[in-house]
There are 2 protein chains.
Amino acid sequence: MVEYSIQLNSVFSSLADPTRRDILRRVARKELSVSEIAQSYKLTFAAVSKHLTMLEKARLIHKRQEGRQHMISLSPRALKGAATYLRHYDGMWRGRLDSLEHYLDRGKTHVR
Amino acid sequence: MVEYSIQLNSVFSSLADPTRRDILRRVARKELSVSEIAQSYKLTFAAVSKHLTMLEKARLIHKRQEGRQHMISLSPRALKGAATYLRHYDGMWRGRLDSLEHYLDRGKTHVR
DNA sequence: AGAATATTCAACCATTTAGTTGAATGATAA
DNA sequence: TTATCATTCAACTAAATGGTTGAATATTCT
């Protein structure tokens with residue numbers, strides 16, 4: 001709430017669902033139609049369509065219409081924001097990492 | 001659903017909430033008690049406590065008890081999984097990026 | 001025009017989430 | 001022991017999520 005980037009909300013909630021992550025993985029390799037995507041899951045067409053709507057709102061995919069088919073491709077710009085966010089924490093698991101010493105220090109202060 | 005990592009679910013849903021991201025940012029700088037954290041938000045104590053429970057389940061924070069206070073610190077191991085996931089897509093926004101040429105190519109195939 | 005194909009919309013349901021309030025637990029201080 | 005402080009639990013509500021089914025829309029084929 002004290003934070004700048006509202007986009008991270010939709011990007012991270014999109015990534016929180018395994019079906020959506022799987023869709024991203026697949027359209028990253030190759031542009032696919034909605035039908036081609038939907039066939040891979042035990043879900044209804046409508047359910048997959050909803051997932052795609054979410055991914056599109058988060059700007060993680062791009063949808064273009066080709067005849068009666070809607071072709072989906074990855075639009076990785078938004079992912080970059082999330083990656084940048086996480087990279088921010090990169091130093092943390094190198095420096096004061098959850099290493100053995102870390103836990104040993106924890107132990108000490110805990111006894112205090 | 002076709003996917004390996006179940007942990008990514010809880011990590012990404014944790015990151016989807018701006019309050020939780022803000023908590024992470026703050027405890028990354030300095031270990032803080034639950035009270036100290038809660039004071040910064042207009043939420044009730046209980047609400048913040050719930051956020052912390054979520055972050056702990058996602059293994060993004062570590063909670064240790066010191067007297068009657070519970071001290072919270074960042075536990076960045078889990079974030080690494082998310083970062084690794086995103087790094088997977090790193091090449092994408094360098095190579096076939098949403099650049100001008102990309103859209104021009106799109107235009108061509110679209111006409112076909 | 002009519003049929004078939006591809007996708008979305010609308011209405012609904014169950015579950016989860018984010019919040020509240022008030023009581024309960026646990027630890028320290030008087 | 002009693003009071004106080006720090007935190008959580010329980011019960012509740014409103015909204016969001018992830019799913020369904022069936023109708024609606026848009027495009028292409030005959």
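What's counted below: heavy atoms across the whole structure, side chains too, no hydrogens, waters or symmetry copies.
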| query | Does the side chain of A:V27 come within less than 4.5 Å of A:S73's, by heavy atoms? | reply | no

| request: Please examine the side chains of A:P18 and B:N9, heavy atoms only from C-beta on, and report whether any two atoms are closer than 4.5 Å. | output: yes

| In this structure, are over 12 heavy atoms from other groups packed under 6.0 Å from A:K57 atom NZ? |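 Open: at most 12 neighbouring heavy atoms sit under 6.0 Å from NZ of A:K57.
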
[X] [atom1] to [N] [atom2], straight-line distance once rounded to whole Å:
X	N	atom1	atom2	value
A:H51	D:dT17	NE2	P	12 Å
B:I23	C:dA18	CD1	P	11 Å
A:Q65	C:dT5	CD	P	18 Å
B:N9	D:dG18	CG	P	10 Å
B:M71	D:dC5	CE	C1'	15 Å
B:Q69	D:dT8	CD	C1'	15 Å
A:D17	C:dT17	CG	P	12 Å
A:L43	D:dT20	CG	C1'	11 Å

| Salt bridge B:E36-B:R26, side-chain N to carboxylate O under 4.0 Å |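 No, B:E36 and B:R26 are not salt-bridged.
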
| request: Kindly say if B:T44 contacts the phosphate of C:dG19, meaning a side-chain N or O under 4.0 Å from OP1 or OP2. | output: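 Checking B:T44 against C:dG19: no side-chain N or O falls below 4.0 Å of OP1 or OP2.
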
| field | Phosphate OP1/OP2 of D:dG18 contacted by A:R20 side-chain N/O (<4.0 Å) | value | yes

| request: For A:S13, report the nucleic acid contact type (base, sugar-phosphate, nothing); a contact means any heavy atom under 4.0 Å. | output: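 Result for A:S13 = nothing.
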
| Donor-acceptor pair, B:R20 side chain versus B:L15 backbone, under 3.5 Å? |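 Not at all, since once roles are kept as given, no pair shorter than 3.5 Å links the two residues.
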
| task | Check each of B:H51, B:H62, B:K63 against B:E56 using the side-chain contact (heavy atoms from CB on, under 4.5 Å) test, and report the only one that passes. | result | B:K63

| With respect to B:L60, which candidate in B:I23, B:L52, B:L74, B:L79 satisfies the side-chain contact (heavy atoms from CB on, under 4.5 Å) definition? |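 Option passing the side-chain contact (heavy atoms from CB on, under 4.5 Å) with B:L60: B:L79.
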
| request: Between B:G67 and B:A47, just flag the one whose closest nucleotide in DNA chain C comes earlier from the 5' side. | output: B:A47

Extract from the structure each pairing of a protein N or O with an N or O of nucleotides 8-14 of chain C at less than 3.5 Å, listing the distance.
residue, atom, partner, partner atom, Å
C:dT8, OP1, A:K63, NZ, 2.9
C:dT8, OP2, A:S49, OG, 2.8

| task | Identify which nucleotide among D:dT28, C:dA27, D:dA26 has an atom closest to any side-chain atom of A:R68, counting heavy atoms from C-beta outward. | result | D:dT28

